Structure formats: C-alpha cells, structure tokens
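Beneath this line is the structure, given in structure tokens, with notes to follow.
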Amino acid sequence: MSAIANTKAITPPDVRARKGGTPLVCLTAYTTPVARLVDPHCDVVLVGDSVGMVLHGMPSTLGVTVEMMIMHGKAVRRGLEQALMVVDMPFGSYEESPEQAFRNAARVMAETGCSAVKLEGGETMTETIRFLAARGVPVMGHVGLTPQAVNTFGGYRVQGRGGDAERIGRDALAVAEAGAFAVVLEKVPDALARRITGEVAIPTIGIGASAACDGQILVVDDMLGLFGDFQPKFVKRYAELGQFAGAAITAYAQEVRERRFPAAEHVFADAPKGAHATESGEAA
Ligand code: KIV
C-alpha cells in the first residue's frame with residue numbers, strides 16, 4: 001500500500017481558499033472516459049445524483065441509491081488525476097440523522113476514493129454538516145432549488161423570487177457556519193446570488209445563479225448537448241454531440257443495410273502459412 005497522496009490533486013481546503021479568487025470550474029461526470037476529458041480543465045468534478053436522470057432515464061433524482069453513487073464514483077475516480085472529486089449523497093441517505101449521514105458518507109468515501117460529499121439543504125442540515133465535518137468528511141452544501149425536494153417545491157421553479165429570498169440567504173450562511181467548504185446555489189435570481197456570495201465566507205458555486213458566484217457548475221451532458229429530454233434556461237450548450245452522434249449512427253445503419261460496412265480494411269485475411277497469432281489474436 002502506498003502512503004503517498006497525490007500531491008497534484010486539489011483538496012477541499014484548496015477550494016475553500018479560492019473564495020473571491022479566479023472562478024472555480026466545476027462539471028459533473030459519471031463515467032471514466034468523461035472524467036478523463038474534464039479532469040485537466042476542472043477544479044471540481046461532481047458525481048451528481050443527476051446521474052439518475054441523465055444516464056438512467058429516471059424522472060427525478062429521488063430513485064438514486066447509494067450503490068449507484070458508489071458505482072459511478074468508482075468509475076469517475078479512475079479517470080481523475082487533479083480535480084477534487086465530490087460525490088452527491090442521494091435522497092434518503094443522510095436526512096434521518098447525523099449518524100445515518102456519517103455512516104453512508106464514510107462508505108461512499110471509502111469505496112469510491114472521493115475527497116468530499118455534497119448534500120442538499122440549508123438550516124435543517126447544519127447539525128449534520130457539523131457532525132460530518134468534525135469527523136473527516138468535507139461537505140459541499142447545496143441551497144436554493146434542491147432537486148431532491150422537487151415534490152415539496154411542486155416543480156423545478158426559480159427559488160428566492162419572493163419572501164423565500166431571506167430563507168435562502170439564511171440557508172447559505174448556516175451551511176457555511178456549520179463547516180461546509182463550498183456551497184452550490186441553484187436556480188436563484190442573479191441579485192440574490194450576488195448578495196449571498198458577498199455575505200458567506202465560503203465559495204458559492206452557481207448553477208442558474210450569477211456570474212458573480214465564486215465558481216460555476218453544469219451537468220456535463222447538458223453542456224455537451226447529449227441530454228435532450230429538456231433544456232433549462234441556465235444551460236449553455238457548448239456542443240451538440242447528440243446531433244453528431246445521431247448522424248454517425250444513421251450513417252452506420254445505412255452502411256450496414258447496404259453491405260458497405262465492414263469494408264476491406266475492417267476484415268481479416270487468412271493467416272499467411274507459418275505466421276503466428278499475436279496476443280490480440282491478429283496474425284503477425
Ligand atoms: O446532481 C447534480 O448534478 C447537481 C449539480 C448540477 C449541482 O447537484
């Protein structure tokens with residue numbers, strides 16, 4: 001066993017120290033190849049419970065389990081060298097008590113090798129965040145629109161446009177005071193996100209919030225144009241990979257039907273007499 005930690009890797013204290021500095025670049029990832037793609041460019045890679053909707057076709061994040069987060073977390077771990085890896089605690093795995101949260105967070109950290117967890121909720125979660133942070137579990141908070149509470153909110157509407165603006169501000173402050181190293185602000189008005197960013201001592205990471213936040217996060221499949229079920233206003237599509245993939249699959253289907261694939265360069269000739277097969281099974 002090696003006792004040498006990866007000294008290149010970004011840590012929760014490194015992220016905490018970026019308050020007010022160069023904006024933190026954060027994306028989600030759920031698989032090894034995507035983790036490899038985003039790692040060189042990101043400060044934080046989140047294995048979000050959005051995986052349930054994005055990769056598993058679930059209607060919300062509520063059906064995501066600890067086992068799913070561990071499976072995707074392990075895959076992402078294999079693709080990261082430098083970004084801080086954070087794994088979402090899924091619905092039902094932390095709300096009951098600080099002890100329940102610790103048990104599941106410790107399992108997620110031990111089995112995936114992530115350095116921190118994220119959990120949703122403000123003032124109601126402060127006891128849990130304090131409990132975890134004091135026991136070696138760095139916590140990223142998440143306030144504003146918290147998708148696991150979709151049934152309580154009655155949808156995915158912008159939060160903090162009315163009387164609840166004060167509550168969201170208090171939530172962010174409470175999460176910071178409880179010991180979170182950063183907090184996601186989701187789908188709140190620009191002015192509120194700016195105000196909260198100025199008030200809390202930890203970095204705010206915006207999604208549908210404000211350019212004034214200390215960092216930004218997007219779901220990687222959204223910004224690559226791979227997730228087409230719906231497109232929230234706050235998503236900028238930096239590519240249309242879904243369209244590229246559709247065109248490629250159409251071309252493949254046509255070539256197969258017309259017997260144009262496989263072509264001569266994709267098939268194997270008989271082995272010349274006396275030749276030995278290589279390890280890959282191809283004739284030398
Ligand atoms: O699950 C997720 O992907 C998230 C981010 C979008 C913040 O919580």
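For the single chain, residues carry numbers from 1 onward in sequence order. Reckoned from all heavy atoms, side chains included, excluding hydrogens, waters and symmetry mates. Counting starts at 1 for both ligands and their atoms, in listed order. Remember, it's a predicted structure, so these values are computed and weren't measured experimentally.
Side-chain contact between P147 and E120: present, with at least one pair of heavy atoms (C-beta onward) separated by less than 4.5 Å. When side chains are defined from C-beta on, F153 counts as touching L145, because their heavy atoms get closer than 4.5 Å.
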Salt bridge (charged side-chain N to carboxylate O under 4.0 Å, His left out) for R107 and E67? Distances and angles first, verdict last.
CA-CA 10 Å; R107 183 174 166 215; E67 286 69 28; 3.1 Å; yes
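Atom CG of D14 sits about 8.5 Å away from atom CG of L84, to the nearest 0.5 Å.
With respect to R195 and E166, a salt bridge is recorded, a charged nitrogen being found less than 4.0 Å from a carboxylate O.
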Check ligand 1 for close polar pairs with the protein: N or O on both sides, less than 3.5 Å.
{"residue": "ligand 1", "atom": "1 (O)", "partner": "D49", "partner atom": "N", "Å": "3.2"}
{"residue": "ligand 1", "atom": "1 (O)", "partner": "D49", "partner atom": "OD1", "Å": "3.0"}
{"residue": "ligand 1", "atom": "1 (O)", "partner": "S50", "partner atom": "N", "Å": "3.1"}
{"residue": "ligand 1", "atom": "1 (O)", "partner": "S50", "partner atom": "OG", "Å": "3.3"}
{"residue": "ligand 1", "atom": "1 (O)", "partner": "D88", "partner atom": "OD2", "Å": "3.1"}
{"residue": "ligand 1", "atom": "3 (O)", "partner": "S50", "partner atom": "OG", "Å": "2.5"}
{"residue": "ligand 1", "atom": "8 (O)", "partner": "K118", "partner atom": "NZ", "Å": "2.9"}

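Annotation for E96: atom CD does not count as buried by contact number, only 12 or fewer foreign heavy atoms lying within 6.0 Å.
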